[in-house]
Amino acid sequence: MDTFNNKSIISLHMRSSEDFLKVGATVTFVGFIVVMLGVILTMLQHPGSSHLGGLIMLGPIPIAFGTSPEITTNMLGLGLVIMILYLFLWKTQR
């Protein structure tokens, strides 16, 4: 018996889906913060030479943007790879 608190130990398979939702949201938020800090630190260490790009996926449709044509092309290529994987996985589940 745990004398520190009166809660019994709950095994992993008995946890509620709300607990997993909270953990997932927290991990996503922390990941977003880490990526933003990485972008900011890169820009501060190499001013003027940083190239930034991004990829937005709306379902299987990629939208790419960047500060140079090379970065934009790389983001579009990444988006196409993700789109092909998405369509392949969607097709195999049916």
Side-chain angles (χ1 to χ4, degrees):
M1 183 80 178
D2 189 5
T3 58
F4 184 72
N5 56 16
N6 292 328
K7 294 181 181 179
S8 62
I9 298 174
I10 300 173
S11 64
L12 184 62
H13 70 279
M14 295 182 65
R15 295 200 180 220
S16 69
S17 60
E18 294 173 3
D19 293 337
F20 289 112
L21 182 65
K22 290 176 187 177
V23 169
T26 303
V27 168
T28 301
F29 180 73
V30 169
F32 181 77
I33 296 298
V34 167
V35 168
M36 286 294 116
L37 285 174
V39 168
I40 291 170
L41 289 175
T42 300
M43 289 174 58
L44 291 175
Q45 288 178 353
H46 307 288
S49 67
S50 298
H51 298 285
L52 301 175
L55 178 67
I56 300 172
M57 297 294 293
L58 295 175
I61 302 168
I63 300 173
F65 58 91
T67 58
S68 69
E70 180 183 346
I71 296 295
T72 305
T73 304
N74 290 341
M75 289 293 110
L76 188 57
L78 177 65
L80 291 174
V81 168
I82 293 172
M83 181 181 76
I84 290 169
L85 285 172
Y86 173 80
L87 293 175
F88 176 74
L89 292 173
W90 180 69
K91 191 70 170 174
T92 57
Q93 288 182 351
R94 291 185 173 244

| message | Would a single hydrophobic cluster contain both Ile82 and Met75, if residues Ile, Leu, Val, Met, Phe, Trp and Tyr are joined by side-chain heavy-atom contacts under 4.5 Å? | response |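 The answer is yes; both residues are in one hydrophobic cluster.
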
Margin query: Check for me, please, whether Leu78 and Ile84 land in the same ILVMFWY cluster - side-chain distances under 4.5 Å, paths through other members count.
Written below: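 Result: no, two separate clusters.
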
Check: residues 23-38 side-chain donor-acceptor pairs under 3.5 Å, at least two apart:
{"unit_1": "Thr26", "atom_1": "OG1", "unit_2": "Lys22", "atom_2": "O", "d": "2.8"}
{"unit_1": "Thr28", "atom_1": "OG1", "unit_2": "Gly24", "atom_2": "O", "d": "2.8"}

inquiry  = Testing the basics here: between Ala64 and Thr72, what is the closest heavy-atom pair and its distance to 0.1 Å?
reply    =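 What the structure gives for the nearest pair is CB-O, 4.0 Å.
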
Here the gap from Leu76 atom CG to Ile71 atom CD1, rounded to the nearest 0.5 Å, amounts to 13.0 Å

Taking side chain as C-beta onward, heavy atoms only, is [X] less than 4.5 Å from [Y]?
{"X": "Ile61", "Y": "Met83", "result": "no"}
{"X": "Leu55", "Y": "Pro62", "result": "yes"}
{"X": "Phe65", "Y": "Leu52", "result": "no"}

Please write out which residues are connected to Ile40 in a hydrophobic cluster, directly or through intermediates, given that two of Ile, Leu, Val, Met, Phe, Trp, Tyr count as joined at side-chain heavy-atom separations below 4.5 angstrom.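 Hydrophobic cluster check, Ile40: joined to Leu44.
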
Residues passing the side-chain contact (heavy atoms from CB on, under 4.5 Å) test with Leu85, sequence neighbours excluded, are Val81

